[in-house]
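Taking it in order: structure first as structure tokens, then the write-up.
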Amino acid sequence: MWLPSFSLEDKLAAITGATKGIGYAIAMAYAEAGADIIVIARTKDDVHQVVKEIEQLGRKAYPVVADVKDYQSIIDQIEALIPQEKSINILVNNAGMNIRSTALEVTEAEWETIVQTNMRSAFFLSQYAAKAMKDNQSGKIINISSVAGEVALRTGVVYGMTKSAIQQMTKNVALEWGPYNIHVNAIGPWYFPTSLTEELLKDESYVNDILRRTPMNRLGDVKELAGAAVFLASEASNYITGQTLFIDGGMTIYGF
Ligand SMILES: NC(=O)C1=CN([C@@H]2O[C@H](COP(=O)(O)OP(=O)(O)OC[C@H]3O[C@@H](n4cnc5c(N)ncnc54)[C@H](OP(=O)(O)O)[C@@H]3O)[C@@H](O)[C@H]2O)C=CC1
Ligand SMILES: C[C@H](O)[C@@H]1OC(=O)[C@H](O)[C@@H]1O
């Protein structure tokens, strides 16, 4: 039995990084829940492949091939692609990356790449989407943070700063946009096997370190995260805003 309040029927969702890993799992789950999807990523063939897969589910899908660092290109493509009568009901700021440098070694170029990808794009795409959501007096924004935004990880200070910023941005815009019935929440994952973490997770001792910090003693599966993303995009979460939901096997509550 499918709870009607979890349905995304007739919604239009824009998802950055929708062709791999967490973003792909969210895109497919949203399509299965009834949404049409704007598929956003840099690799054209991947974008068009995911568009095809979503159309095979009977939903509409719109390809946007762009780097989130050039968020204006994304906005321009969306404006050109989406029918006049439609607008974005759901925005998932998922695309993100990491350059794993120590605080003593990180360069300004690395800083700019991580900050523009993980943080600046999420803010200005949220600002764009929220203008239409305000007119509609309805909208859902889900930002993909990380446990790195909550606790210190050894995988890079700049990445952690951007994820903390994402969590703070989530609270601030939830405060400002609550009166417009726009709900803004974040998801904070621990380790999930994806192309972003592939190299790290090849190191057995590193994985053992992860498991020692994880009460559930295992990595996550992106399908386990997609359900929470559907919930936060649906009417079932209509009295939740400004929150970060950690999907982490218990990692963030592990004191000692
Ligand atoms: N996997 C994990 O363990 C964790 C992931 N996260 C966060 O989850 C999010 C997704 O990560 P994950 O699924 O693992 O990543 P992946 O690298 O597996 O997938 C990233 C997706 O984003 C796209 N992408 C990457 N950079 C850009 C860019 N500059 N512009 C547009 N699209 C881009 C990629 O496609 P393309 O290369 O074609 O652009 C791909 O679709 C990130 O924000 C990450 O920080 C947080 C905690 C843990
Ligand atoms: C769990 C963290 O987000 C983890 O840290 C990294 O450097 C990887 O990129 C993962 O995102």
Side-chain angles (χ1 to χ4, degrees), residues 14-28 37-51 53 63-74 77 92-102 106 110 112-122 124-125 142-167 170 186-203 206-207 209-210 213-214 218-226 228-229 244-249 251-252:
I15 303 171
T16 66
T19 60
K20 292 180 196 166
I22 288 169
Y24 173 76
I26 292 174
M28 300 313 289
I37 311 293
I38 302 171
V39 177
I40 303 166
R42 295 167 302 182
T43 309
K44 185 177 179 183
D45 289 353
D46 292 350
V47 169
H48 286 275
Q49 173 57 33
V50 174
V51 163
E53 291 178 32
V64 171
V65 180
D67 187 320
V68 290
K69 296 197 293 294
D70 180 8
Y71 58 84
Q72 191 54 52
S73 165
I74 294 173
Q77 290 184 57
V92 181
N93 288 305
N94 164 74
M97 59 85 74
N98 195 10
I99 302 169
R100 300 181 187 97
S101 302
T102 68
V106 67
E110 290 172 341
E112 281 305 323
T113 300
I114 301 167
V115 166
Q116 288 185 30
T117 305
N118 296 5
M119 188 164 77
R120 189 179 71 165
S121 67
F124 286 104
L125 289 174
I142 294 98
N143 298 312
I144 307 300
S145 178
S146 163
V147 299
E150 188 74 7
V151 294
L153 298 191
R154 64 182 90 153
T155 48
V157 56
V158 180
Y159 177 86
M161 289 168 72
T162 64
K163 296 304 188 178
S164 290
I166 284 289
Q167 290 170 210
T170 297
I187 287 173
W190 184 210
Y191 274 102
F192 287 76
T194 68
S195 50
L196 179 71
T197 56
E198 191 176 2
E199 282 313 302
L200 282 178
L201 299 181
K202 281 177 183 168
D203 177 342
Y206 192 85
V207 174
D209 284 353
I210 293 171
R213 299 282 293 118
T214 310
R218 66 175 177 82
L219 302 177
D221 179 321
V222 291
K223 289 189 175 66
E224 295 175 305
L225 186 151
T244 296
L245 176 60
F246 290 101
I247 304 184
D248 65 356
M251 183 269 186
T252 46

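All ligand and atom numbering here is 1-based and tracks the order in the structure.
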Nearest-option assignment for atom 34 (C) of ligand 1, heavy atoms, candidates V92, T19, I26, L225: T19
Under 3.5 Å donor-acceptor, D67 side chain and R42 backbone: no
Any S145 heavy atom less than 4.0 Å from ligand 1: yes
Protein heavy-atom partner closest to atom 7 (O) of ligand 2 - residue, atom, separation in Å: N98 ND2, 2.5 Å
4.5 Å side-chain heavy-atom contact, Y24 and V50: yes
For Y191, the ligand 2 atoms whose distance to one of its heavy atoms is below 4.0 Å: 4 (C), 5 (O), 6 (C), 10 (C)
For atom 29 (N) of ligand 1, closest protein heavy-atom neighbour: D67 OD1, 2.9 Å
From CA spacing to verdict: side chain to side chain contact (heavy atoms under 4.5 Å, CB included), R100, L153: CA-CA 11 Å; R100 300 181 187 97; L153 298 191; over 6 Å; no
Under 4.0 Å to a heavy atom of G96 - the qualifying atoms of ligand 1, by number: 42 (C), 43 (O)
Closest protein heavy atom to atom 23 (C) of ligand 1, given as residue, atom name and distance to 0.1 Å: G17 CA, 3.5 Å
Minimum-distance protein heavy atom relative to atom 14 (O) of ligand 1: T194 OG1, 2.5 Å
Evaluation steps, side-chain hydrogen bond (donor to acceptor under 3.5 Å, both in side chains), between E150 and T252: CA-CA 8 Å; E150 188 74 7; T252 46; over 6 Å; no
Sub-4.0 Å atoms of ligand 2 with respect to non-hydrogen atoms of L153: 1 (C), 2 (C)
For T117, atoms of ligand 1 separated by under 4.0 Å from a heavy atom: 29 (N)
Option of least heavy-atom distance to atom 27 (C) of ligand 1 (set: R42, K44, K69): R42
Residue pair L201 / I210, side-chain heavy-atom distance below 4.5 Å: yes
Sub-4.5 Å side-chain heavy-atom contact between L200 and T155: yes
Modelled atom types, side-chain donor and acceptor of S73 and Q77, under 3.5 Å: yes
Beyond-backbone contact of L225 with F192, side-chain heavy atoms, under 4.5 angstrom: yes
Protein residue, atom and distance nearest to atom 5 (O) of ligand 2, heavy-atom basis: T155 OG1, 3.2 Å
Taking atom 15 (O) of ligand 1 as the reference point, the nearest protein heavy atom with its distance: L196 CB, 3.5 Å
Pair N93-T16, side-chain donor/acceptor within less than 3.5 Å: no
Residues E110 and S101: side-chain donor-acceptor under 3.5 angstrom: yes
Interfacing atoms of ligand 1 (cut-off 4.0 Å, heavy-atom, P189): 46 (C), 47 (C), 48 (C)
Validation row: T244, I187 side chains within 4.5 angstrom (heavy atoms): no
Heavy-atom nearest neighbour of atom 30 (N) of ligand 1 within options I15, I40, V68: V68
Shortest protein contact, atom 17 (O) of ligand 1 (heavy atom only): S195 OG, 3.2 Å
Q116 side chain reached by V68 side chain, heavy atoms, under 4.5 Å: no
Check: D221 and E224 side chains under 4.5 Å, non-hydrogen atoms: yes
Atom 11 (O) of ligand 2 - nearest protein heavy atom and its distance: Y159 OH, 2.7 Å
Numbered atoms and elements of ligand 1 in range of I22, under 4.0 angstrom, heavy atoms: 5 (C), 8 (O), 13 (O)
Aromatic plane relationship, Y206 with Y191 - under 30° parallel, 30 to 60° tilted, over 60° perpendicular: perpendicular
Closest approach of any protein heavy atom to atom 2 (C) of ligand 2, naming residue and atom: S146 OG, 3.4 Å
Closest protein heavy atom (residue, atom, distance) for atom 6 (N) of ligand 1: Y159 OH, 3.7 Å
Nearest neighbour in protein (non-hydrogen) for atom 8 (O) of ligand 1: I144 CG2, 3.3 Å
Proximity flag K163 to ligand 1, non-hydrogen atoms under 4.0 Å: yes
Protein contact to atom 9 (C) of ligand 1 [nearest heavy atom, distance to 0.1 Å]: N94 O, 3.1 Å
Non-hydrogen side-chain atoms of E198 and L196 separated by less than 4.5 Å: no
Proximal atoms of ligand 1 relative to T197 (non-hydrogen, under 4.0 Å): 1 (N), 2 (C), 3 (O)
Heavy atom of A66, distance to ligand 1 below 4.0 Å: yes
Proximal atoms of ligand 1 relative to S146 (non-hydrogen, under 4.0 Å): 46 (C), 47 (C)
Side chains of T162 and N118, donor plus acceptor under 3.5 Å: yes
Shortest protein heavy-atom distance from atom 9 (O) of ligand 2, along with the residue and atom involved: R100 NH2, 2.8 Å
